[in-house]
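Worksheet: one structure, shown below.
Reminder, nothing fancy here: chain letters follow the sequence lines and each chain counts from 1. Reckoned from all heavy atoms, side chains included, excluding hydrogens, waters and symmetry mates. Quantities reported herein were computed from a predicted structural model and do not represent experimental measurements.
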There are 2 protein chains.
Amino acid sequence: MNATSGNAPDSFLKLENFLCFAIYSTANAVTRAYQPRLAALGLTYPQYLVMVVLWERENQTVKSIGEKLSLDSGTLTPLLKRLESAGLITRRRDTVDERQVLIGLTDDGRTTRKRAEAIPIAIGQAFGCTLGEAKDLRAELMTVRDNLIASIDKAK
Amino acid sequence: MNATSGNAPDSFLKLENFLCFAIYSTANAVTRAYQPRLAALGLTYPQYLVMVVLWERENQTVKSIGEKLSLDSGTLTPLLKRLESAGLITRRRDTVDERQVLIGLTDDGRTTRKRAEAIPIAIGQAFGCTLGEAKDLRAELMTVRDNLIASIDKAK
DNA sequence: CACAATTTAATTGTGTGCGATTTAATGCGT
DNA sequence: ACGCATTAAATCGCACACAATTAAATTGTG
């Protein structure tokens, strides 16, 4: 019996055993990997995700974008204002329900999509795994993510 | 041929296909899941990771901690100052090599370990997967992470 | 030994994330 | 119609991440 035996609460507190650290650290690496390519489009990684959501469908509310990305208005409002200043999106109050703000794309915002198409392919190669492996990993992560979110919600 | 056919660069720009988004979003969920438990110890999630590194070995340099967590001094210096103000760690210049700052634990910092031991077990349950699945997922992620970091380094 | 290159932290500035609160608009029950 | 709960964004404060730069100490080389 020694420190490498792998049982006891001890081993749960070792960094090398942490799934959460693997997730955290990989996420940081993803952002760093995207950064040089996105900088060429004048985007940060979270801004890019917002643009992806809008490229799929224009004129969504802040809430709708927030649900898709699991981000709240505290994060999105300033981010969207920056995208607006950059001339990529539009923000206007919904005339029917004035609580809502509708986010649309400018011509520039739509055009940027073309330039963005090469990025996921390049990053996919940097991941160093096959499309099938990526798909499996993505599915497993989304399951874990949904479980975590469910347990957070349950605690409320 | 339609929008759901799944080929063409088009499908690479769909959020639901993004491995990177799965990683990003799961990482955010991990932080939120840890937050209430860590708040009871007065720690944030990145601070907790630093403590885990120090619980494994005391008196490491900022660089050594940074290598283990893939964080630079721009992130670590202010974080470590906060842990110092909280009375959990000590910071002192190495007298042999005065470029380095050695990070140690206070009695309080060492004691906090005991209270932290229950956390990974509770979070592990929130993940909703078996220990084996977690181990596999962790290994796959670390491979992806290392590939990403290698591709970032290669670009320099 | 001199001194340029390297190494280690700290600093600065920008952009997230998120808890908590606030503001304004809408819905809903009586 | 009234008032109250609910909802949607915005705001505020704090703590990361990280690129870029700076400052100080050490190392390596002639």
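Between Glu67(A) atom CD and dT7(D) atom C1' the separation is 12 Å, expressed in whole Å. Protein atom CE of Met51(B) is 16 Å distant from nucleotide atom P of dA15(D), rounded to whole Å. Atom CZ in Phe21(B) sits about 11 Å away from atom P in dG17(C), given to the nearest Å. Atom CG of Leu80(A) and atom P of dA10(D) are 8 Å apart (whole Å). In this structure, CG of Leu38(B) is placed 16 Å from C1' of dG17(C), rounded to the nearest angstrom. The nearest whole Å value for the distance from the CG atom in Leu76(A) to the C1' atom in dC18(C) is 11 Å. Rounded to whole Å, the distance from CZ on Arg145(A) to P on dG17(C) is 14 Å.
Every residue was checked against the side-chain hydrogen bond (donor to acceptor under 3.5 Å, both in side chains) condition with Asp136(A), not counting sequence neighbours, and none meets it. Remark: Glu67(A) pairs with Lys63(A) by the salt bridge (charged side-chain N to carboxylate O under 4.0 Å, His left out) rule, at least two apart or across chains. Applying the side-chain hydrogen bond (donor to acceptor under 3.5 Å, both in side chains) test to Glu140(B) and every residue at least two apart in sequence or in another chain returns nothing. Applying the salt bridge (charged side-chain N to carboxylate O under 4.0 Å, His left out) criterion to Glu84(A), with sequence neighbours excluded, gives Arg91(A). Qualifying salt bridge (charged side-chain N to carboxylate O under 4.0 Å, His left out) partners for Arg110(B), counting only residues two or more places apart in sequence or in other chains: Glu58(B), Asp107(B). The side-chain hydrogen bond (donor to acceptor under 3.5 Å, both in side chains) search around Arg92(B) returns Asn59(B), not counting sequence neighbours. Residues passing the salt bridge (charged side-chain N to carboxylate O under 4.0 Å, His left out) test with Arg82(B), sequence neighbours excluded: none. Applying the side-chain hydrogen bond (donor to acceptor under 3.5 Å, both in side chains) rule to Thr111(A) yields no partners; only residues at least two apart in sequence or on another chain are considered.
Base pairing annotation: dG28(D) forms a Watson-Crick or G-U wobble pair with dC3(C), both donor-acceptor distances under 3.5 Å.
Near-neighbour residues of DNA chain D inside residues 86-103 of chain B, defined by a heavy atom below 4.0 Å, number-ordered: Val96(B), Asp97(B), Glu98(B), Arg99(B). Near-neighbour residues of DNA chain D inside residues 54-62 of chain B, defined by a heavy atom below 4.0 Å, are absent.
If you check the side chains of Lys68(B) and Ser64(B), you find a donor sitting under 3.5 Å from an acceptor.
Under the 4.5 Å side-chain criterion, counting only non-hydrogen atoms from C-beta, Leu41(A) is in contact with Ile119(A).
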### Task
For the pair Leu19(A) and Val30(B), evaluate side-chain contact (heavy atoms from CB on, under 4.5 Å) and give the outcome as yes or no after the intermediate values.
CA-CA 10 Å; Leu19(A) 173 55; Val30(B) 164; over 6 Å; no
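Note: Phe18(A) and Tyr48(B) have parallel aromatic rings, judged against thresholds of 30 and 60 degrees for the angle between ring planes.
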For nucleotides 16-18 of chain D, give me every protein contact, N/O to N/O, under 3.5 Å, one pair per line with atom names.
residue : atom : partner  : partner atom : Å
dC16(D) : OP1  : Thr44(B) : OG1          : 2.6
dC16(D) : OP2  : Gln47(B) : NE2          : 2.7
dC16(D) : OP2  : Arg82(B) : NE           : 2.8
dC16(D) : OP2  : Arg82(B) : NH2          : 3.2
dC16(D) : O5'  : Arg82(B) : NH2          : 3.1
dA17(D) : OP2  : Tyr24(A) : OH           : 2.6
dC18(D) : OP1  : Asn28(A) : O            : 3.2
dC18(D) : OP1  : Arg32(A) : NH1          : 2.8
dC18(D) : OP2  : Arg32(A) : NH1          : 3.1
dC18(D) : N4   : Gly74(B) : O            : 3.4

Are there any protein N/O atoms within less than 3.5 Å of an N/O atom in nucleotides 1-3 of chain D, and if so, which ones and at what distance?
none

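For Lys81(A), no side-chain nitrogen or oxygen approaches OP1 or OP2 of dT16(C) to under 4.0 Å. Taking 4.0 angstrom as the limit, Ser73(A) places none of its side-chain polar atoms (N or O) nearer than this to OP1 or OP2 of dA9(D).
The shortest non-hydrogen separation linking Ala29(B) to Ile149(A) is CB-CG1, 4.2 Å. Of all heavy-atom pairs between Ala22(B) and Leu141(A), the closest is CB-CB, 4.0 Å.
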